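Input: a single structure, listed below in structure tokens.
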Amino acid sequence: MKILNRKTKETDISAELEIYGSGIAQISTGIGFFDHMLEALTKHSLIDLKLVCKGDLEVDFHHSVEDVGIVIGTLLKEAIYPVRGIERFADGIVVMDEAAVSCALDLSNRAFLVYENFSQTGKVGEFDVELVEEFFRAVAFNANITLHLSKVRGKNTHHIIEATFKAFALALRRALKENSRINTPSTKGVL
């Protein structure tokens with residue numbers, strides 16, 4: 001179990017993360033749709049996550065969403081590295097009705113994000129669609145994950161975003177799968 005408390009002028013976040021959990025979520029960010037997406041992430045990655053974020057929601061949701069991504073990414077980094085005895089690479093495509101989203105990732109200890117074919121405008125309820133990319137950038141760069149997310153198809157914004165979180169969860173679960181035949185999954189001998 002990894003624990004992190006992070007306080008800035010904009011947010012106050014406490015979190016506990018277990019990468020080999022059972023998908024249990026206790027999440028409260030004050031942003032209903034975001035909580036729903038984080039619950040989907042934990043459910044499908046089988047990561048346990050307790051997270052409370054008190055943010056400056058009167059300004060907007062940006063600081064809370066990005067800072068939650070920073071915290072989750074930091075906890076993932078602490079739990080994953082050094083990489084040993086796991087698959088390391090994984091991908092997955094998740095469909096939700098008409099929407100399909102692809103995620104490929106590498107627990108590489110090198111941060112990179114490709115985020116393509118997604119709309120950057122609009123809202124789901126009060127949630128700004130552009131914040132999805134901000135969240136995944138914060139996760140990828142703080143966890144040192146090479147992360148590729150691509151919308152394959154879809155029209156309903158809620159479905160597309162939910163498929164994105166679930167595709168990331170699926171690929172992450174697969175990459176973290178233990179494999180006793182693999183020591184350090186790198187020709188360099190270190191990650």
Side-chain angles (χ1 to χ4, degrees), residues 1-81 94 96 101 103 105 107 111-113 115 118-145 147 149 156-173 176:
M1 175 76 62
K2 298 297 179 183
I3 299 170
L4 180 62
N5 296 302
R6 181 177 190 272
K7 187 171 184 170
T8 70
K9 291 181 180 179
E10 300 160 338
T11 61
D12 185 355
I13 302 172
S14 61
E16 298 178 13
L17 184 141
E18 175 57 55
I19 60 171
Y20 296 109
S22 55
I24 296 170
Q26 294 177 6
I27 298 167
S28 176
T29 66
I31 307 167
F33 180 72
F34 188 44
D35 289 356
H36 178 52
M37 294 302 102
L38 293 174
E39 289 165 1
L41 191 161
T42 59
K43 175 72 174 177
H44 297 285
S45 65
L46 297 178
I47 287 173
D48 292 343
L49 178 64
K50 292 181 184 177
L51 185 136
V52 175
C53 174
K54 296 175 184 163
D56 58 356
L57 302 182
E58 69 283 356
V59 174
D60 70 6
F61 297 164
H62 184 103
H63 299 138
S64 292
V65 172
E66 182 179 34
D67 287 5
V68 165
I70 290 169
V71 166
I72 290 173
T74 301
L75 290 169
L76 285 171
K77 181 178 179 178
E78 290 176 9
I80 293 168
Y81 302 105
V94 169
M96 186 165 183
V101 175
C103 176
L105 60 79
L107 303 179
F112 200 85
L113 175 66
Y115 188 81
F118 295 94
S119 171
Q120 292 296 335
T121 60
K123 291 181 178 276
V124 175
E126 296 300 312
F127 186 85
D128 293 309
V129 170
E130 66 190 20
L131 295 178
V132 177
E133 182 177 7
E134 295 300 323
F135 171 76
F136 283 110
R137 180 178 292 108
V139 170
F141 278 78
N142 286 276
N144 284 350
I145 294 173
L147 176 60
L149 293 164
N156 181 291
T157 305
H158 184 129
H159 295 167
I160 294 164
I161 294 171
E162 190 161 345
T164 304
F165 276 80
K166 289 178 178 178
F168 173 68
L170 176 63
L172 183 60
R173 185 180 81 219
L176 288 169

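Quantities reported herein were computed from a predicted structural model and do not represent experimental measurements.
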message: On a heavy-atom basis, which atom in N5 and which in S14 lie closest, and how many Å separate them?
response: OD1-CB, 2.9 Å

statement: Rounding to 0.5 Å, atoms CD (E134) and CG (D67) come to a distance of 11.0 Å

- line: Value for CG (L75) from CD1 (I70), rounded to nearest 0.5 Å, stands at 12.0 Å

- prompt: Between A111 and A140, which heavy-atom pair has the shortest distance, and what is it?
  reply: CB-O, 3.6 Å

message: Minimum heavy-atom separation for E39 and A25, please, with both atom names.
response: CG-CB, 4.0 Å

- prompt: Taking the side chain as C-beta and beyond, is there a heavy-atom pair between L17 and D48 under 4.5 Å?
  reply: no

query: So, for M96 and A163, which heavy atoms are closest and what is the spacing to 0.1 Å?
result: CB-CB, 4.4 Å

- request: Would you confirm whether S22, through its side chain, and I24, through its main-chain N or O, come within 3.5 Å as a donor-acceptor pair?
  value: no

message: Distance check, rounded to the nearest 0.5 Å: L46 atom CG versus I19 atom CD1?
response: 11.5 Å

message: Quick one, I27 and F34 - any side-chain contact, counting heavy atoms below 4.5 Å?
response: no

- request: Before giving the answer on side chain to side chain contact (heavy atoms under 4.5 Å, CB included), spell out for V139 and L147 the whole-Å C-alpha distance, their side-chain angles and the decisive distance to 0.1 Å.
  value: CA-CA 9 Å; V139 170; L147 176 60; 5.6 Å; no

- prompt: Going through the checks in order, is the side chain to side chain contact (heavy atoms under 4.5 Å, CB included) test met by F135 and L38?
  reply: CA-CA 11 Å; F135 171 76; L38 293 174; 3.8 Å; yes

- request: For this output row, return yes or no: ring centroids of F165 and H44 closer than 6.0 angstrom.
  value: no

- line: Taken to the nearest 0.5 Å, the spacing of T164 OG1 from K166 NZ works out to 11.0 Å

task: Hey, could you give me the CD/CG distance between Q120 and D128, rounded to the nearest 0.5 Å?
output: 10.5 Å

- prompt: Would F136 and F168 satisfy ring-ring contact (aromatic ring centres under 6.0 Å, His included), going step by step from the backbone distance to the final call?
  reply: CA-CA 9 Å; F136 283 110; F168 173 68; 5.3 Å; yes

- prompt: Do S119 and T157 have side chains that get closer than 4.5 Å, going by heavy atoms?
  reply: no

Output a table of donor-acceptor pairs, distance under 3.5 Å, between side-chain atoms of residues 52-61 and any protein atom two or more places apart or on a different chain; print 'none' if there are none.
| from | atom 1 | to | atom 2 | distance (Å) |
| --- | --- | --- | --- | --- |
| D56 | OD1 | H63 | ND1 | 3.1 |
| D56 | OD2 | H63 | ND1 | 2.8 |
| D60 | OD1 | H62 | N | 3.0 |

task: Kindly indicate whether the side chain of I72, heavy atoms from C-beta on, has any atom under 4.5 Å from the side chain of L51.
output: yes

query: How far apart are the C-alpha atoms of E162 and M37, what are their side-chain angles, what is the distance that settles it, and do they pass the side chain to side chain contact (heavy atoms under 4.5 Å, CB included) test?
result: CA-CA 6 Å; E162 190 161 345; M37 294 302 102; 3.8 Å; yes

query: How about E78: does its CD atom have over 12 heavy atoms from other parts shown lying under 6.0 Å from it?
result: yes

- prompt: Is there side-chain contact between L76 and I47, with heavy atoms separated by less than 4.5 Å?
  reply: yes

field: E16 side-chain N/O to I3 backbone N/O, donor-acceptor pair under 3.5 Å
entry: no

message: How long is the straight-line distance from NZ of K123 back to CG of L131, given to the nearest 0.5 Å?
response: 8.5 Å

query: What closest approach, in Å, do V65 and F127 show between heavy atoms, and which atom pair accounts for it?
result: CG2-CE1, 3.8 Å

task: Determine the minimum heavy-atom distance between Y20 and L176, stating which atoms define it.
output: OH-O, 2.7 Å

message: Counting neighbours of OH on Y115 that are heavy atoms of other residues, nucleotides or ligands and sit closer than 6.0 Å, is the number greater than 12?
response: yes

query: Can H158 and H36 be said to form a side chain to side chain contact (heavy atoms under 4.5 Å, CB included), step by step?
result: CA-CA 11 Å; H158 184 129; H36 178 52; 3.9 Å; yes

query: Within the distance-only criterion (no hydrogens, no angle test), does the side chain of T11 pair as donor or acceptor with the backbone N or O of I13 below 3.5 angstrom?
result: no

message: Contact between V94 and V101 at the side-chain level, heavy atoms closer than 4.5 Å - yes or no?
response: no

